[in-house]
Amino acid sequence: EAPLRIEALAASREGRREAWATYLMGNSEIVVHAESIRVLAHSVRAHEKRPRPFLVLTLGDLPDGIAEELGADGLEIVPLDVEGLSLPSNVAPRASKWWEERGSKQTLARLSVFDLSQFDRIVVVEGDMVALGSLDMLFEVPVFASGYELGGGPEGPPGINSGIMVVQPSGELFTLMMQFAVQARWDTHHLAYLFNTDQSFLDIFFNLTSTRHGIVSFAENGSFVGCGSIDALKGGPARIP
């Protein structure tokens, strides 16, 4: 069986439909998280060079007033299709256990950003971040990109940190993810239990289905130049040129 490959799914297009996105999912501190998202959005927009929609991806009902406050700030609430997010009955037992431990609905919901194909490119930023400068250049990256995690151990390259990601949504890519999710082979990967979130799944998926590169670099005008060698990350943190 040929391995899954995803490089061919990414494309650069003129007139791209672009958006910022973050997550707001139910828990006991959702009001605090909503307020942090308002701060994040304000900081992003204070530095952006042209306006883009700012999506707040939600799962389940929001407390009274939260949606109105976010909407008043110009943020777009995007309720995720919870009913459509479920693993098929033929999922391998080990893989099923992994999803159940993490709450399959919430973890799958976070992955659904890859299926928002009404957009060509989405920059995902977690709500606990604040932009200190323009992040516009991230929309120039033509392939999936993320922050990196140095805690992945010695058995592979530095891992993905899903706190910030550049996503090229694609129904085809999301289908590959869901096919991958029901297999058992990825569950034995050394990263499978490193994080209790979707981050481990994304790390393994992209590790096994694509070529991992190093730090992204940009020209002075913000245009994408390329990616460095992954070897440069193995010795410790590196600066973005």
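For the numbers below, each heavy atom of this structure counts, side chains included, while hydrogens, waters and symmetry mates do not. As the structure is a prediction and not an experimental result, all values here were calculated from the model.
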d(Leu55 CG, Leu70 CG) to nearest 0.5 Å is 12.0 Å
I'd like to know if the side chain of Thr22 and the backbone of Val125 have a donor-acceptor N/O pair within less than 3.5 Å. yes
- Assess the pair Phe139 and Trp20: is the distance between their ring centroids shorter than 6.0 Å? yes
Would the distance check show the side chain of Gln168 and the main-chain N or O of Val141 forming a donor-acceptor pair, the cut-off being under 3.5 Å? yes
(message) When you measure from the side chain of Asp73 to the backbone of Arg38, do you find a donor-acceptor pair of N or O atoms at a distance under 3.5 Å?
(response) no
Any salt bridge linking Arg17 with Asp120? Criterion: basic side-chain nitrogen under 4.0 Å from a carboxylate oxygen. yes
Worksheet item: How far apart are the C-alpha atoms of Phe114 and Leu202, what are their side-chain angles, what is the distance that settles it, and do they pass the side chain to side chain contact (heavy atoms under 4.5 Å, CB included) test?
Response: CA-CA 11 Å; Phe114 290 88; Leu202 287 173; 3.6 Å; yes
Q) Are the side chain of Ser146 and the backbone of Met165 linked by a donor-acceptor contact shorter than 3.5 Å? A) no
| request: Would you confirm whether Asp115, through its side chain, and Phe174, through its main-chain N or O, come within 3.5 Å as a donor-acceptor pair? | output: no
Answer yes when Glu18 and Arg52 have at least one side-chain N-carboxylate O distance shorter than 4.0 Å, and no when they do not.
yes
Under 3.5 Å, is there a donor-acceptor pair between the side chain of Ser217 and the main chain of Gly226?
yes
(message) Determine whether a donor-acceptor pair (N or O, by modelled atom type, separation under 3.5 Å) exists between the side chain of Glu140 and the backbone of Met137.
(response) no
Check: Taking the side chain from Ser36 and the backbone from Gly127, do they hold a donor-acceptor pair closer than 3.5 Å?
Finding: yes
Practice item. Say whether, by atom type as modelled, one donor and one acceptor occur between the side chain of Tyr23 and the main chain of Arg110 under 3.5 angstrom. Key: yes
Kindly say whether Ser223 contributes a backbone atom to a donor-acceptor pair with the side chain of Asn221 at under 3.5 angstrom?
yes
Exercise for review: Classify the ring geometry between Phe218 and Phe224 as parallel (under 30°), tilted (30 to 60°) or perpendicular (over 60°).
Suggested key: perpendicular
Output for pair (Leu24 CG, Ile77 CD1), nearest 0.5 Å, gives 7.0 Å
Practice problem: Give a yes/no verdict on a cation-pi contact between Arg45 and Phe54, requiring under 6.0 Å between NZ or CZ and the six-membered ring centre and an angle within 45° of the axis. | Solution: no
Notebook entry, point to check: How far apart are the C-alpha atoms of Ile30 and Ile66, what are their side-chain angles, what is the distance that settles it, and do they pass the side chain to side chain contact (heavy atoms under 4.5 Å, CB included) test?
Noted result: CA-CA 9 Å; Ile30 194 168; Ile66 295 296; 5.6 Å; no
Distance col, row Ile204:CD1 vs Thr209:OG1, nearest 0.5 angstrom, shows 11.0 Å
